[in-house]
Amino acid sequence: MPRYDDEVKRIEAKWQAYWDQNQTFRVDVLDRIPDTNCANVPQLPIAVQRNSHRESGIATQNPSFDAHEKMYVLDMFPYPSGAGLHVGHPEGYTATDIVCRFSRMRGKQVLHPMGWDAFGLPAEDYAIKTGTHPAVTTAKNIETFKRQLKSLGFSYDWSREFATTDPEYYRWTQWIFLQLFDTWYDSTYVWTGPDGKSRTGKGRPIAELPIPEEVSQAGSAAVRRYQDQHRLAYQHEAPVNWCPELGTVLANEEIVDGKSERGGHPVERVPLRQWLLRITAYGDRLANELDDLHWPESIKAMQKNWIGRSEGAEVDFYLGGTGLGYEQWKASRASSGFSREPGADELRIYTTRPDTLFGVTYMVLAPEHPAVNRLTTMEHKEAVEAYRQQAATKSDLDRTDLAKGKSGVFTGGYAINPVNGERVPVWIADYVLISYGTGAIMAVPAHDERDLEFAKQFQIEIKPVVAPVGESTGTTEGFFDYGVAINSGAYSGLPTLEFKAKITADLESGGLGRKAVNYRLRDWLFSRQRYWGEPFPIWHELDANGQPTGLLRTDPAESLPVRLPEMADFKPTGTPEPMLSKAPTEWLYATAPDGTRLKRETNTMPQWAGSCWYYLRFADPRNDQHFLNPAIEKQWLPVDLYVGGAEHAVLHLLYSRFWHKVLFDRGHVSTAEPFQRLVNQGMILGEVEFTGYVLGNGTDDPNRQFVSVRDLKAGVDEEGVATRIVEKTGEVAIPVTLSVEQIEKKGDSFILKEHPEIVVDSRAHKMSKSRGNVINPDVVVDQFGADSLRLYEMFMGPLEAVKPWSMKGVEGVARFLGRVWRMIVDEPNESQTQLSSAVQDVPPTPAQLRVLHRTIKAVTRDVESLGFNTAISRMMEFVNEFLAFDVRPKSAIEPFVLLLSPFAPHISEELWELLGHTKSLAYESWPTFDEKYLVETEIEVPIQLNGKLRGKVTVPAGSDQATIEAAAKAEATIAGQLEGKTIVKTVYIPGKMVNFVVK
RNA sequence: GCCGAUGUGGCGGAACUGGCAGACGCGCUGGAUUCAAAAUCCAGUGUCAGCAAUGACGUGUGGGUUCGAGUCCCACCAUCGGCACCA
């Protein structure tokens, strides 16, 4: 007899083909809207979905429901790796698919696209090894991914598919780069955007950049250079993170613990000319505009942290030496005010604690600071030079983690503290970074941990100027909190916050300082030296000797895309010289109409470029006139629900918000934020493993001895690989995988059955090739079917939670689908399936109606709140109850199939067809519930004595308090316990509970 | 160190606004069916005591608020994730 598990493959293939052939999930919105660059296109209603047959089936009960409401549901852009799909992918994809299928059934217009983030290193690394062109590898990987996704029955509109590597796509990535290049940030511009909100600061066309008189007088080349310095996309020569192993430089966001995020390779600091994007200009808006988004608080916090806005003051310290004395300098500042740039005789510092100015006992410059030469005296010159040399070659990792303790040298120079005229020594030290603030600090060891450590090491004076609230003396041991000022002249006695505000204002009026804001965020290093990325639409002008003049030209927008040149040799250059410098001459060089020789920019864009705006292109993927039709943009954007892993918290999600804001400022999009709601799916770990640890010569040693994990600590073996070692002796413990039979639970931990004193590890590990615990979705689909995989991924637990895989769990949901099948289907013989004789056209009983409507209510509420695991539980309860009924009314079974369909669409379509329907259920109306069927005739009321459950009484629904109390007192156990006691108080929660407080 | 999240049976997890802790699933135990097995079905399953009715204990730990706390408040512990000389 054919059973559900024998039918799965046939059913799933059948409906996948059906959806494909009928283009069930295609949304054709604005096929015939003329494309235009004009932003004033009237808003057009979305055309009716082609497959809509919404008029049939159960009536929609919600009259306020807008049938034309749009819903843009997006999965994070996958990188099509050679390894194929991982079970982590279908987790988020199933969740969004359920939301989409549910929303369609509720009459919404759903945009649910899929495509490929296909540029990137792996395909190029493969090319280096095998000579296969990255385009070939990429196409093959995309094919695998697509086949796998299709096998899971996701309702994507595949007609919108594209890859970032398609020249028709990267044409517009380059076009957006030109927008960035054409934009400068006017931080004082006040304006109101199309969203009706007022903002300060706007990205404006470079042509609107005011040119200072002295610049325009210096000629057109000077003007061009001045503009280039102010663009959002600019070139800069500075030490960058060069990763020799990857053959490219990396952005700060791509460095984790001083190593490359991808592959964990070492990174060196090398000075190089690079392209940067001025994301820092948008720091405030990127931080503040997070507030209104429906995102996890943790991601918002991570982004705010990464941006790291701090408020403080810039203060000038006088260095002397021009003949002007300190007093005269101060007087001149009082009349002229704070200067735009610090002069040669001044040292400008940034501090968040201007209230500690009276506690300054030394100052520190970053080793790279330009004032070092000016300050260094003859006798210290040698030591300073040596220190600078050493600092320059140190990697960031050496400068932080590994360096225990601080280093630095005295320059011999002094600066004068503007608040009290004291002379303070100036040092250089690598704990001050040239790239933050002004690259110079005032050191207050009494109130800054780092300064304290440094001062102790070099025996520098520690001068407390803040005391804890309620105390009158400070400490030289360090006090880093806010408090009350002491030893601070006229300011003494002021609380920290007041002090800060007052002294900042005073410094400002004296021309000695000003309020300042700084960010931890750095400008985004945007160029890479690899082949497989978007070329820049930029040319460098060459002089008569073929050397770049530093002046730039862009490719005209109409000429895009700048295609990647054909290359056969993918061997890395081994130096920071980009791969494209080996491109054919005809690609590399050109002569402009005015006769100027030009050389192409040979860097390529990072992988993040393509994924920065793909969600925009999905709305209008085939437009060859514009990157996105403004009318369509208004129709579909922003993304209503975005689901993906948390690993993109500060990379993709920050970068794309930045691009979106630039496009917003330049009038190309009408929303300030791209992603309204963000949900992070939790990682899926491998199956739970039990690990014991042994001492001895490996796992085969007969004399091996188990050690309790209680006696172990984290350590490293001889080769420096992380492992566990015995806390007392330092011996290396060898992990051994144990089976469930060997284990027992005792108290809070798991122990060995045979050696109860040995505690073992019980945990699920991240899936990894090396651990061998990777679950391949293809295998699961083959064994249980796509519906079971989808259902299990949703049933495991809350979407956001990290959770371990369990094959037994998949079997469980597969059994459930088998029960659903048997609830509806009879199989009289091998080749035939027909409706079960239990499914009849009869009215449902009140009990059946109650079960059905309770299920509709719960499942609807759960899907709306993305509580898929509980929705599935409710459907399991329905099936458990309905299998017990010998007669299963069709009018109860049909809505159930509709409820199940977003979760397990293949079996649901098949059952729907067996129930006599001829069209896909994808656009049937979602069932609605009626409270009147939920009313019970009898209710069970728990009875408590002093808040403890002591019994239950069953009373007719709607009984009043007196009736219930009487019934409660009559109940045998309660009556017994009430004997000889007085009821002091009765708490009654209508229809829910009675609590007698007794003495 | 700082920021964030999470701690509930043997396991994954439920419990909407303070009101029956452990829904649903896995596993386990017993039974039915079967020559046997798979599959399926039925019953049981937080811990301890008891033949049972029932009682005591129980949501990381300690305290508090309340008639009543997994849920609210305070302090702490553990695990996971992020950041880490950013002045």
Side-chain angles (χ1 to χ4, degrees), chain A residues 3 5 256-257 296-302 304-306 308-310 312 349-353 356 364 396 399-401 403 406 429-433 435-444 448-451 453-454 518-522 646-647 649-650 682-683 688 740 743-745 748 750 762-764 792 795-798 800-813 815-816 818-819 822 858 861-862 865 867 869-877 880 883 940-949 951-952 972-973 976 984-987 989 992-998:
Chain A
R3 302 174 327 105
D5 12 335
V256 177
D257 293 336
E297 285 307 316
S298 59
I299 300 284
K300 289 190 187 179
M302 269 195 238
K304 284 194 175 174
N305 249 325
W306 190 264
R309 183 194 147 98
S310 83
I349 58 95
Y350 171 72
T351 179
T352 55
R353 292 293 300 270
T356 58
V364 186
D396 263 13
R399 281 172 78 152
T400 58
D401 279 6
K406 303 252 179 301
D430 62 10
Y431 82 90
V432 173
L433 309 174
S435 51
Y436 186 81
T438 59
I441 63 155
M442 63 180 211
V444 187
D448 182 281
E449 219 169 340
R450 298 149 300 189
D451 297 344
E453 196 192 333
F454 190 86
N518 265 297
Y519 301 93
R520 209 189 73 102
L521 180 74
R522 302 294 145 79
E647 67 273 18
V650 291
M683 206 195 321
V688 174
V740 202
I743 306 302
E744 203 165 43
K745 177 110 182 191
D748 284 341
F750 285 89
S762 152
R763 54 170 294 202
Y792 176 65
F795 187 61
M796 292 170 86
E800 300 89 341
V802 177
K803 38 207 179 273
W805 185 264
S806 156
M807 265 317 173
K808 285 286 186 192
V810 188
E811 284 178 35
V813 294
R815 263 202 286 274
F816 161 67
R819 285 157 67 79
R822 282 202 313 279
R861 189 195 57 206
D862 288 350
S865 62
N869 53 333
T870 48
I872 295 166
S873 300
R874 299 287 96 90
M875 291 190 281
M876 287 172 168
E877 286 175 343
N880 288 345
L883 273 173
E940 196 185 45
V941 181
I943 313 299
Q944 298 182 342
L945 292 184
N946 291 337
K948 292 198 172 178
L949 182 72
K952 290 172 187 179
T973 333
V984 194
K985 187 178 171 187
T986 304
V987 182
I989 311 294
K992 281 234 171 126
M993 190 214 59
V994 178
N995 183 18
F996 295 115
V997 184
V998 297

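Any value given below was found using the heavy atoms of this structure, including those in side chains, with hydrogens, waters and symmetry copies removed. A, B, ... follow the sequence lines: proteins, then strands. Residue 1 opens every chain.
For A:Asn305, there are no side chain to side chain contact (heavy atoms under 4.5 Å, CB included) partners two or more places apart in sequence or in a different chain. Contacts of A:Arg309 classified as side chain to side chain contact (heavy atoms under 4.5 Å, CB included), with partners at least two apart in sequence or in another chain: A:Asp284, A:Glu311, A:Val517, A:Tyr519. Residues forming a side chain to side chain contact (heavy atoms under 4.5 Å, CB included) with A:Ala440 (at least two apart in sequence, or on another chain): A:Leu347, A:Ile349, A:Leu365, A:His369, A:Thr438. Residues that satisfy the side chain to side chain donor-acceptor pair (under 3.5 Å) test with A:Thr870, not counting sequence neighbours, are A:Asp862.
Annotation: B:U6 and B:G58 have their P atoms spaced 25 Å apart (nearest Å). B:U29 and B:G50 are spaced 24 Å apart, taking the P atom of each and rounding to whole Å.
Atom pair A:Asn305:CG and B:G1:P shows a separation of 17 Å (rounding to whole Å applied). Whole-Å rounding puts the A:Ile872 CD1 to B:C26 P distance at 13 Å.
Within 6.0 Å of atom CD in A:Glu647, more than 12 heavy atoms from other residues, nucleotides or ligands are found, so the atom counts as buried in its surroundings.
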Checklist outcome for this item: Protein heavy-atom contacts under 4.0 Å, written 5' to 3' over nucleotides 38-50 of chain B as B (base), S (sugar-phosphate only) or - (none), form the string -SSS---------
Checklist entry - Which letters describe nucleotides 16-21 of chain B, given B = protein heavy atom under 4.0 Å from base, S = only from sugar-phosphate, - = neither? => result ---BB-
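In this structure, A:Tyr431 and A:Phe454 have tilted ring planes: the angle between them lies in the 30° to 60° band.
Within 4.0 Å (heavy atoms only), A:Ser806 reaches no atom of the nucleic acid at all. As judged by a 4.0 angstrom heavy-atom cut-off over every strand, A:Ser310 is placed among residues touching the sugar-phosphate backbone only.
Taking for each of A:Pro804 and A:Gly439 the nucleotide of RNA chain B with the nearest heavy atom, the 5'-most of the two is the partner of A:Pro804.
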